[in-house]
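Heads up: numbering here begins at 1 and tracks the sequence.
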Amino acid sequence: TWAGLANSSSSELVNILISYIYSIKALGFYFLPNRVLGVPSAFISNSIGQVFFQQASNEKAKTGSVKKTFVNTLKKLSIISIIIFSILFFIIEDMFILVFGENWSASGTYAKILIPLFCIRFIVSPLSLMSFIFNKNEIEFIWQFALLVIHLLTVLLAFYLKLSIENYLSIMVIAVSLHYLLLLKIISNYNK
């Protein structure tokens, strides 16, 4: 519950602070790619996560480890994510203009900046269920709380340094992506 609250708080707080630091218009341009990229990728990722959780739980019950399921799922997620998001990286700006119109071109720019984060999150999110399989709920909470802190620090840094929203998004993508990669490293060690 606390991990979920920290996760929800991080995204909602960022939305509030973007509207305060930049503008409601900037928030709209930021919100659209999060919906367009986030909802479908979260739906697919959650579906894969449910299958992973079931297979990994079965493997753990039989062998005490989930290494085979973890490695296979990691490979599949990586291939799917890298292919899809690499293609999107090159066409996303034009897609936004085509679908939403020239007035939303900033959303396409923001989407292109955010794509590496969506790529990494697509891979790591389903595998993060390892924390529940190995009963490491406290690790999940610490990680989610740290995610909230990272979001807060990056947006405050952008405010104090008077960064453009594009620069803020770039810094946030790097920081949060590294945080997701750290989680991947942590959960991969559960098998050892």
Side-chain angles (χ1 to χ4, degrees), residues 1-15 30-31 33-86 88-89 111 113-155 169 171-192:
T1 303
W2 290 108
L5 180 62
N7 185 291
S8 299
S9 299
S10 67
S11 60
E12 295 305 321
L13 201 55
V14 165
N15 291 343
Y30 169 75
F31 189 76
N34 273 291
R35 280 290 177 220
V36 170
L37 295 172
V39 171
S41 64
F43 177 75
I44 295 166
S45 183
N46 288 340
S47 298
I48 293 170
Q50 290 172 356
V51 173
F52 168 73
F53 185 80
Q54 182 182 15
Q55 291 175 346
S57 297
N58 290 339
E59 184 182 352
K60 184 174 184 282
K62 290 175 185 174
T63 66
S65 170
V66 298
K67 190 169 188 174
K68 182 179 175 186
T69 304
F70 179 82
V71 170
N72 287 340
T73 306
L74 177 60
K75 285 178 185 175
K76 289 174 189 172
L77 285 167
S78 298
I79 291 166
I80 293 167
S81 186
I82 290 168
I83 290 170
I84 291 172
F85 288 107
S86 294
L88 280 174
F89 184 81
I113 295 168
L114 293 168
I115 278 182
L117 175 57
F118 280 102
C119 180
I120 291 169
R121 193 162 50 193
F122 184 88
I123 296 166
V124 178
S125 289
L127 298 172
S128 69
L129 293 171
M130 291 273 287
S131 296
F132 301 107
I133 294 167
F134 283 89
N135 200 22
K136 303 278 189 181
N137 297 339
E138 68 283 350
I139 303 268
E140 177 71 13
F141 169 71
I142 292 167
W143 186 85
Q144 292 288 356
F145 185 75
L147 181 64
L148 172 62
V149 171
I150 288 168
H151 275 293
L152 277 173
L153 289 176
T154 56
V155 81
L169 291 175
I171 291 169
M172 183 270 293
V173 163
I174 292 167
V176 174
S177 294
L178 289 172
H179 191 59
Y180 269 94
L181 292 174
L182 173 64
L183 176 62
L184 183 61
K185 174 66 176 158
I186 290 168
I187 61 179
S188 67
N189 287 333
Y190 293 162
N191 281 316
K192 293 180 180 176

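Within a 6.0 Å sphere centred on CD of Glu138, other residues, nucleotides and ligands contribute more than 12 heavy atoms. Counting heavy-atom neighbours within 6.0 Å of Phe31 CZ, excluding the residue itself, gives a total of 12 or less.
Taking all atoms of both residues into account, the shortest heavy-atom contact from Ser131 to Ile187 is OG-CG2, 4.1 Å. Here the closest non-hydrogen pair linking Arg35 and Pro40 is O-CD, 3.6 Å. Residues Thr154 and Ala175 approach most closely at CG2-CB, 4.0 Å, considering heavy atoms. Heavy atoms only, all atoms of each residue included: Leu183 and Val124 are closest at CD2-CG1, 3.9 Å. The shortest heavy-atom contact between Tyr180 and Arg121 is OH-CD, 3.0 Å. The shortest heavy-atom contact between Ser57 and Ile133 is OG-CG1, 4.0 Å.
Note that CD1 of Ile113 is 9.5 Å distant from CZ of Phe89, once rounded to the nearest 0.5 Å. Between atom CE of residue Met130 and atom CZ of residue Phe52 there is a gap of 5.5 Å, rounded to the nearest 0.5 Å. Atom OG of residue Ser81 and atom CG of residue Leu74 lie 10.5 Å apart, to the nearest 0.5 angstrom. In this structure, CG on Leu88 lies 5.0 Å from CD1 on Ile115, to the nearest 0.5 angstrom. Taken from CG in Leu182 to OG in Ser177, the straight-line distance is 12.5 Å, to the nearest 0.5 Å. Summarising the geometry, atom CD1 belonging to Ile48 is positioned 10.5 Å from atom CD1 belonging to Ile123; distances are rounded to the nearest 0.5 Å.
In terms of the side chain to side chain donor-acceptor pair (under 3.5 Å) criterion, residue partners of Thr69 (sequence neighbours excluded) are, by chain and number, Glu59. In this structure, the side chain to side chain donor-acceptor pair (under 3.5 Å) partners of Ser65, at least two apart in sequence or on a different chain, are Asn191.
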Tell me, with the steps shown, if Leu114 and Met172 meet side chain to side chain contact (heavy atoms under 4.5 Å, CB included). CA-CA 9 Å; Leu114 293 168; Met172 183 270 293; 3.8 Å; yes

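For the pair Val14 and Tyr30, the minimum side-chain heavy-atom distance is below 4.5 Å.
No donor-acceptor pair closer than 3.5 Å links the side chain of His151 to the backbone N or O of Val176. Formation of a donor-acceptor pair under 3.5 Å by the Ser128 side chain with backbone atoms of Ser125 is found in this model. Side-chain atoms of Ser188 come within 3.5 Å of backbone atoms of Lys185 as a donor-acceptor pair (strictly under, hydrogens ignored).
The aromatic rings of Phe85 and Phe122 lie perpendicular to each other, with more than 60° between the two planes, well past the 30° mark.
A donor-acceptor contact closer than 3.5 angstrom links the side chains of Glu140 and Gln144.
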